[in-house]
Amino acid sequence: MISFMSRKKKFRFQINLNVEDISSVPFVSGVLFAKIRLHDGGNFCEFGNREEVRNNRVIWNSKFQFPCKMTANVNTGILEPCVCRVSVRRELKGGRSHHKLGFADINLAEFPGSGPQSRRYLLEGYDTKHRQDNSNIKVTIEVCLISGDPVFKV
């Protein structure tokens, strides 16, 4: 009978993600936007505001709320990685197309139980051969437990 039992604890969290800004943008002008996609634990996918580059910086302050499922090992109680990708894109041809600048993968399993936290992530390029800039994106994340055992480790 033990083989039928799940070997993982299951949790549901409410994610509050605020994509604040991106700095050190290599463009003097242009329109940038962010796409937020949950890779693990759900199927959330949304686009942020479209904002112009000013002084090599874009300020978005886009807020996103979505539920997320995470699991933890029964023996250790450590949450398994849950990746949310923030992808930054530049509009081309008046918004009809876009060019992917880079992305930041955020492990949401690092944040439960700690209140809102602000972090900066270096944008990784989609093209592994060329790294064009050192843009970094600032996000504020808050992860709140909705259901599941309140005893877990991050």
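Residue numbers run from 1 in the order of the sequence given.
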From [atom1] ([X]) to [atom2] ([Y]), nearest 0.5 Å:
| X | Y | atom1 | atom2 | value |
| --- | --- | --- | --- | --- |
| Ile78 | Glu80 | CD1 | CD | 10.0 Å |
| His39 | Cys82 | NE2 | SG | 10.5 Å |
| Leu17 | Glu46 | CG | CD | 10.5 Å |
| Asn61 | Thr140 | CG | OG1 | 8.5 Å |

Is the closest side-chain heavy-atom distance between [X] and [Y] below 4.5 Å?
| X | Y | value |
| --- | --- | --- |
| Phe44 | Arg37 | no |
| Asn49 | Ser62 | yes |
| Met70 | Leu108 | yes |
| Cys84 | Asn107 | no |
| Cys144 | Phe13 | no |
| Glu142 | Gln14 | no |
| Arg89 | His99 | no |

Are [X] and [Y] in one and the same hydrophobic cluster, where Ile, Leu, Val, Met, Phe, Trp and Tyr link if side-chain heavy atoms are under 4.5 Å apart?
| X | Y | value |
| --- | --- | --- |
| Val53 | Phe33 | no |
| Leu145 | Leu79 | yes |
| Ile141 | Phe66 | yes |
| Val139 | Leu101 | yes |

Carboxylate-amine/guanidinium proximity below 4.0 Å for [X] and [Y]:
| X | Y | value |
| --- | --- | --- |
| Arg85 | Asp105 | yes |
| Arg119 | Glu110 | yes |
| Arg50 | Glu91 | yes |

Between [X] and [Y], what is the shortest heavy-atom contact and its length?
| X | Y | result |
| --- | --- | --- |
| Trp60 | Ala34 | CZ2-N, 4.2 Å |
| Leu123 | Gly102 | CG-C, 3.8 Å |
| Pro67 | Arg12 | CB-NH2, 3.7 Å |
| Ile59 | Glu51 | O-CG, 3.5 Å |
| Arg120 | Asn136 | NH1-OD1, 3.0 Å |
| Phe64 | Val19 | CE1-CG2, 3.9 Å |

Next on the checklist: Strictly distance-based, threshold 3.5 Å: is any side-chain N or O of Asn56 a donor or acceptor partner for the main-chain N or O of Val25?
Outcome noted: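 The answer is yes, because a donor-acceptor pair under 3.5 Å joins these two groups.
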
Item to check | Stepwise side chain to side chain contact (heavy atoms under 4.5 Å, CB included) check, Ser23 with Lys138 | outcome: CA-CA 8 Å; Ser23 58; Lys138 183 178 181 186; over 6 Å; no

Checklist entry - Just one of Val86, Val83, Ile36, Ile137 clears the side-chain contact (heavy atoms from CB on, under 4.5 Å) bar with Ile106, so which one? => result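 When side-chain contact (heavy atoms from CB on, under 4.5 Å) is applied between Ile106 and each of Val86, Val83, Ile36, Ile137, only Val86 qualifies.
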
Checklist entry - Can you tell me if Asn16 and Gln65 form a side-chain donor-acceptor pair at under 3.5 Å? => result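 Yes.
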
Next on the checklist: Can a side-chain donor-acceptor contact be found between Ser135 and Ser24 if the only test is distance below 3.5 angstrom?
Outcome noted: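 On atom types as modelled, these side chains do not qualify, holding no pair under 3.5 Å.
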
Checklist entry - So Arg7 and Asn75, side chain to side chain contact (heavy atoms under 4.5 Å, CB included) or not? Walk me through it. => result CA-CA 9 Å; Arg7 299 298 301 163; Asn75 298 328; 3.9 Å; yes

